[in-house]
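Okay, so here's the structure we're looking at.
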Amino acid sequence: MTINFKDIEKKWQAAWEKNKVFQVEVDDYQKKKFYLTTPYPYMSGLLHLGHLFTYMAPETLARFKRMQGHNVLFKYGFHCTGTPIVAAAKKVAEKEPKQIAALEKMGISKEEILKFSEPEHWIQYFPKETLRDIKSMGFVVDERYTFITTSLNKPYDAFIKWQFNKLKEKGYAKKGKHPVVWCPKDNAPTGDHARSEGEGETPQEYLLFKHKLEDGRYLITATLRPDTVMGTTNLYMNPEAKYTEAEVNGEKWVLNDNCAKNLKEQGHEVNIIEKVSGKEFIGKKVEEFGNRKVIILPATFLDLDFGTGLVHSVPSDSTDDLIALRDLQKDETTCEKYGLDINEIKKIQPIPVLNTPGLGNIAAEAMLKKYNIKSQNEREKLEKIKKELYKLSHFTATLNEKYKENFSENLEGKRVEEAKEIISNDLIKGGWALKYYELSGKVVCRCLTECIVKMVENQWFLEYNDKKWKEVAHECLDSMKIYPEVLRKQFDYVLDWLHRWACARELGLGTRLPWDENWVIESLSDSTIQMAYNTISKYLEHPEEYGFSVDQLNDEFFDYVHLNKGTAEKVEASTGVPIKMIETMKKDFEYWYPFDFRNSAKDLIQNHLAFCIFNHTAIFPKEHWPKSFMINGRIMINNEKMSKSKGNFFTMRELHDKHGADIIRLTASNAGEGSDDANYDMGFHDIAKRKLNELYDFVKENYNKGRTDKLLIDQWFESKINETIGKTTIAFENMQFKSAIQFSLLDLQRHLKWYLKRTKDQPNKELINLLIETQIKLLAPVIPHFCEECWELIKGKEFVSNAAWPEANQEAIKPELDLGEELLKNNISDIREVMKLAKIDQPKAIKLFVAADWKYGFVEKFKELIKETRNPGEILKTLMQSELKQHGKDISKLVPALIKDQSKLPAKELTKKNEIAALEESKGLIAEEFGCSVEVVIDSDHNKAKSAMPGKVGILVE
RNA sequence: GUGGGUGUGCCGUAGUGGUCAAUCGGGAUGGACUCAAAAUCCAUUAGCUUAGUGCUUACGCAGGUUCGAGUCCUGCCACCCACACCA
């Protein structure tokens with residue numbers, strides 16, 4: 001029959017609900033517990049396939065742990081803080097077609113869509129719908145524990161305020177300046193999602209160099225390479241261009257318009273005075289760091305919009321600068337035009353400042369030669385080698401004797417990588433330079449305004465760069481389990497690499513910083529320890545059911561419940577929450593915490609998961625630090641990235657409605673494991689349906705049927721079932737859900753097939769029952785509805801969801817029994833091979849010749865000897881000293897061949913007696929397979945017996 | 001660029017240094033069943049092949065360690081992820 005997966009899932013979901021199977025109660029604080037968490041989904045839309053894949057891990061694990069006898073809490077929350085919802089609502093208000101289409105695709109009607117121009121409506125709509133989807137998937141969820149984030153949720157808001165007060169108390173929240181990508185029209189930071197162009201571009205840090213003219217004005221240049229400061233030979237300005245003269249921080253600067261404006265946004269006082277022509281500066285001299293003067297030369301290659309519109313030239317280590325210099329030195333016309341003495345210009349030579357291995361002390365020259373570049377018009381090549389040289393200088397070059405003096409320490413011989421920052425700091429301190437930010441590429445806001453870099457003052461940071469904090473974070477990581485373990489290195493790296501994090505913003509939804517109400521806590525910072533809140537959310541989200549109110553929750557409350565500080569009496573006095581409730585929540589928290597498991601896709605390693613570690617170590621004592629993280633890859637569909645533009649974007653709901661919960665649960669779990677990207681194979685839906693239907697029919701027809709006597713092959717099958725229990729259990733424990741399916745569904749079915757073939761469809765009743773019960777239980781975490789349906793069929797009552805996880809009977813596992821089955825399978829395929837060679841389609845008789853007696857002894861001895869030496873001569877010598885000497889001729893041929901290829905040896909110990917017994921037992925099957933008589937022959941002198949070896953019979957097909 | 005991960009047959013995947021020409025699923029081909037199809041079952045699916053149950057190449061590329069390498073080491077190449085105020 002064909003199962004209607006939709007019907008059975010409705011049936012069982014209703015039954016679970018009615019019997020409160022997944023309601024979480026803590027009635028025994030001694031009972032072992034397992035608390036699973038996963039980052040709550042963002043409520044800017046319905047859950048999609050990626051969510052399904054990520055959530056299947058904790059979902060499956062939760063069911064597994066329940067069956068193992070744990071009290072399990074698996075929580076869901078709905079994330080609504082931050083800017084995306086606000087941004088999306090704004091788009092709806094503007095009637096942006098893409099956004100409207102996205103909502104329509106989620107099944108929202110035209111009239112309904114307009115309501116989504118209010119952010120609040122998203123928060124009302126999507127959590128409700130998401131919960132519906134989660135339940136329809138049969139996920140283990142106790143909805144009393146679910147909640148939404150944002151300040152709209154008062155108790156949650158109070159919790160986040162408490163969290164930030166704690167961080168501030170510890171000195172981890174500090175104020176500072178911070179460069180951000182900024183839209184001048186919106187007057188707000190422009191995140192990736194709010195850009196119409198320039199996703200991924202960031203503020204890049206430059207150093208502005210000040211070059212003093214004799215009249216007291218400064219020419220300003222920008223550089224990424226302050227390390228070459230000692231090598232400046234001249235400045236370049238475009239004589240035909242207009243520059244801007246501006247008063248910056250009380251000094252007169254000459255630069256381009258862009259930079260002047262940017263400086264203003266970056267916290268400098270800037271008053272633009274007038275336009276000046278580049279021409280008037282050509283030939284003048286400026287003062288340089290290190291007590292030198294250099295000349296200003298004309299150049300037309302300058303990009304006026306980039307940097308400051310003029311540059312200082314370091315021909316020793318910049319190919320662009322060098323080639324420009326060479327060109328000018330040949331160009332009498334230009335020199336004359338700007339009143340320059342060409343002989344003076346010709347005297348300008350690169351000043352060696354760096355030693356670059358393989359390129360000498362004038363690296364730029366070596367590079368130009370290497371790539372045979374003749375003119376500054378070869379832009380493409382020049383761009384390429386500029387990057388290459390930059391890399392080489394940065395990582396391999398060392399500074400020369402020019403850096404001995406002049407700096408706060410002797411930098412001679414130091415690598416550029418190490419010295420760069422010291423040089424920058426010294427230059428800044430000495431008033432020669434200052435930091436400046438420019439975008440790494442063009443960024444355009446959604447409002448079509450071009451973005452700039454803005455220095456935000458009074459920005460609040462979390463000091464993830466704090467050394468001591470990093471140390472404890474590492475301590476926490478070291479104590480955690482990471483699945484898969486290979487990603488630990490990545491975590492180690494990230495904890496070190498993270499620096500201060502701007503944790504609050506001026507826009508978006510969320511909790512306000514308790515000490516500075518102008519700022520909203522940013523959404524990656526407010527979700528780092530909410531798993532603690534979630535242990536008691538059942539009470540805080542539904543206080544009326546427990547007869548109290550949460551209007552006056554305060555820090556005292558959370559201090560007591562989460563940190564065991566203060567007294568219940570005082571908390572009752574200040575919050576009005578009855579002592580009994582306070583104590584219950586405290587006990588619940590202490591019971592559930594820490595969380596045992598948290599998983600996410602790998603893109604959250606560098607932010608959310610790392611923050612989670614940091615924040616826990618800052619706030620909680622060691623015993624409440626996270627226990628484990630599991631990281632999964634991203635989901636691909638039929639080996640393509642899921643994306644709306646490709647049209648292969650699927651919400652969980654639409655897949656569910658089409659195929660049913662169990663089918664997509666199985667397909668998702670089977671998509672992959674480990675941190676590699678997983679592949680959701682749409683074609684597997686049908687395979688899954690077919691296999692489950694088959695399984696159901698088998699259960700129905702075979703339970704409680706069969707013979708009662710016990711044969712050798714029954715023992716083999718019993719061994720396989722128990723082996724499968726062990727392997728599947730380990731797979732679940734290691735978060736290898738795909739492997740678990742492989743073992744418990746596919747492999748087990750294969751073994752069953754072989755078993756039925758071997759018993760000629762006369763299985764042992766006890767074993768068939770063991771198989772069926774075991775398999776249903778092993779699969780229940782992945783496809784629970786289907787398994788309940790099967791369970792009902794055989795048991796009639798109870799839930800398989802509540803059944804005890806099977807335990808492997810170690811005594812029944814007998815790997816040696818595999819040998820006989822392997823021999824049989826090999827014999828069958830060898831016979832086929834022989835038939836093919838002999839071109840026999842239908843054999844009349846098959847004779848199997850067992851190897852001569854002495855070969856068994858020989859093989860045994862050979863296996864011993866080979867452990868000692870691989871030298872054929874030595875092995876032969878030893879063998880020849882024994883009674884095997886009489887077979888010397890055969891042995892001398894066998895030994896080298898066997899050393900080369902040990903696959904010809906039987907894997908396990910095998911006696912002639914055993915082999916004959918196994919052959920006699922299985923010859924009936926061979927006879928049936930080939931439709932002819934089969935005879936086992938013991939005749940060592942027969943020609944065919946000569947080629948036989950233990951475990952490998954001689955075959956004669958007639 | 002930096003850090004991390006991964007590269008296996010037509011496709012997707014498994015793979016503790018020796019039973020690996022390689023697991024499992026799919027696909028393809030041939031056969032059985034059928035009036036036919038689907039489903040199911042069986043076989044084949046690197047190349048060669050003489051009753052030799054054999055041989056030769058193969059696990060991104062190139063080297064190395066080892067008696068022995070898909071598995072260990074080194075170097076290349078390719079792909080994926082992250083790189084910040086964005087969830």
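So that the names make sense, note that chain A is the first sequence line, chain B the second, and so on, each numbered from 1.
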By the 4.0 Å heavy-atom rule, please label [X] as base, sugar-phosphate, or nothing.
{"X": "A:Lys753", "result": "sugar-phosphate"}
{"X": "A:Gly954", "result": "base"}
{"X": "A:His608", "result": "nothing"}
{"X": "A:Ile605", "result": "nothing"}
{"X": "A:Val180", "result": "nothing"}
{"X": "A:Ile828", "result": "nothing"}

Side chain of [X] only, please: which of [options] is the nearest?
{"X": "A:Asn679", "options": "B:G4, B:G12, B:U6", "answer": "B:G12"}
{"X": "A:Asn607", "options": "B:A51, B:U53, B:A87", "answer": "B:A87"}
{"X": "A:Val957", "options": "B:C86, B:A51, B:C41", "answer": "B:A51"}
{"X": "A:Lys836", "options": "B:U49, B:U53, B:G3", "answer": "B:U49"}
{"X": "A:Leu956", "options": "B:A87, B:G4, B:A51", "answer": "B:A51"}
{"X": "A:Ile955", "options": "B:C86, B:U53, B:A43", "answer": "B:U53"}
{"X": "A:Trp497", "options": "B:C83, B:A87, B:G5", "answer": "B:C83"}
{"X": "A:Asp747", "options": "B:C24, B:A87, B:G54", "answer": "B:C24"}
{"X": "A:Pro84", "options": "B:G54, B:C86, B:A51", "answer": "B:C86"}
{"X": "A:Arg634", "options": "B:A82, B:A51, B:C85", "answer": "B:A82"}

A:Asp681 side chain vs A:Gly683 backbone, donor-acceptor pair below 3.5 Å: yes

What one should report as the nearest heavy-atom pair of A:Leu745 and A:Gln749 is O-CG, 2.9 Å

If I compare all heavy atoms of A:His751 with all of A:Thr724, which pair ends up nearest, and what's the gap? CD2-OG1, 4.4 Å

Is any side-chain N or O of [X] closer than 4.0 Å to OP1 or OP2 of [N]?
{"X": "A:Ser675", "N": "B:G5", "value": "no"}
{"X": "A:Arg505", "N": "B:A87", "value": "yes"}
{"X": "A:Lys489", "N": "B:G5", "value": "yes"}

Taking the [atom1] atom of each, how far is [N] from [M], in whole Å?
{"N": "B:A82", "M": "B:C72", "atom1": "C1'", "value": "29 Å"}
{"N": "B:C76", "M": "B:G27", "atom1": "P", "value": "42 Å"}
{"N": "B:U8", "M": "B:G3", "atom1": "P", "value": "25 Å"}
{"N": "B:A69", "M": "B:C20", "atom1": "P", "value": "16 Å"}
{"N": "B:U29", "M": "B:C10", "atom1": "C1'", "value": "12 Å"}
{"N": "B:U40", "M": "B:A46", "atom1": "C1'", "value": "30 Å"}
{"N": "B:C24", "M": "B:G63", "atom1": "P", "value": "33 Å"}
{"N": "B:G31", "M": "B:U16", "atom1": "P", "value": "40 Å"}

[X] [atom1] - [N] [atom2] separation (whole Å):
{"X": "A:Gln749", "N": "B:C41", "atom1": "CD", "atom2": "C1'", "result": "15 Å"}
{"X": "A:Leu609", "N": "B:C81", "atom1": "CG", "atom2": "C1'", "result": "14 Å"}
{"X": "A:Phe461", "N": "B:C85", "atom1": "CZ", "atom2": "C1'", "result": "9 Å"}
{"X": "A:Ile123", "N": "B:A87", "atom1": "CD1", "atom2": "C1'", "result": "14 Å"}
{"X": "A:Lys757", "N": "B:U40", "atom1": "NZ", "atom2": "P", "result": "17 Å"}
{"X": "A:Lys847", "N": "B:U53", "atom1": "NZ", "atom2": "P", "result": "18 Å"}
{"X": "A:Lys602", "N": "B:A82", "atom1": "NZ", "atom2": "C1'", "result": "9 Å"}
{"X": "A:Leu487", "N": "B:U6", "atom1": "CG", "atom2": "C1'", "result": "11 Å"}

Quick tally for nucleotides 25-32 of chain B: nucleotides whose base has a protein heavy atom under 4.0 Å get B, sugar-phosphate-only ones S, the rest -, giving -S------

Would the number of heavy atoms belonging to other residues, nucleotides or ligands and lying under 6.0 Å from CD of A:Glu421 be above 12? no

Nearest-nucleotide check on RNA chain B, A:Lys738 vs A:Arg500; residue mapping nearer the 5' end is A:Lys738

Taking for each residue the nucleotide of RNA chain B with the nearest heavy atom, is it A:Asn826 or A:Glu673 whose nucleotide lies nearer the 5' end? A:Glu673

Residues at least two apart in sequence or cross-chain that pass side chain to side chain donor-acceptor pair (under 3.5 Å) with A:Asp603, listed by chain then number, are A:Arg634

Please name all residues satisfying side chain to side chain donor-acceptor pair (under 3.5 Å) with A:Thr511, sequence neighbours left out, ordered by chain then number. A:Asp157

Measure centre to centre between the rings of [X] and [Y], then say whether the value is under 6.0 Å.
{"X": "A:Tyr437", "Y": "A:His178", "result": "no"}
{"X": "A:Phe78", "Y": "A:Tyr42", "result": "no"}
{"X": "A:Phe611", "Y": "A:Tyr464", "result": "yes"}

Is there a side-chain contact between A:Ile452 and A:Leu439 (heavy atoms, below 4.5 Å)? no

Watson-Crick or G-U counterpart of [N], or none if no pair lies under 3.5 Å:
{"N": "B:A58", "value": "none"}
{"N": "B:U65", "value": "none"}
{"N": "B:U13", "value": "none"}
{"N": "B:A28", "value": "B:U44"}
{"N": "B:A82", "value": "B:U2"}

Between the side chains of A:Glu821 and A:Lys720, is the shortest nitrogen-to-carboxylate-oxygen separation below 4.0 Å, so that they form an ion pair? no

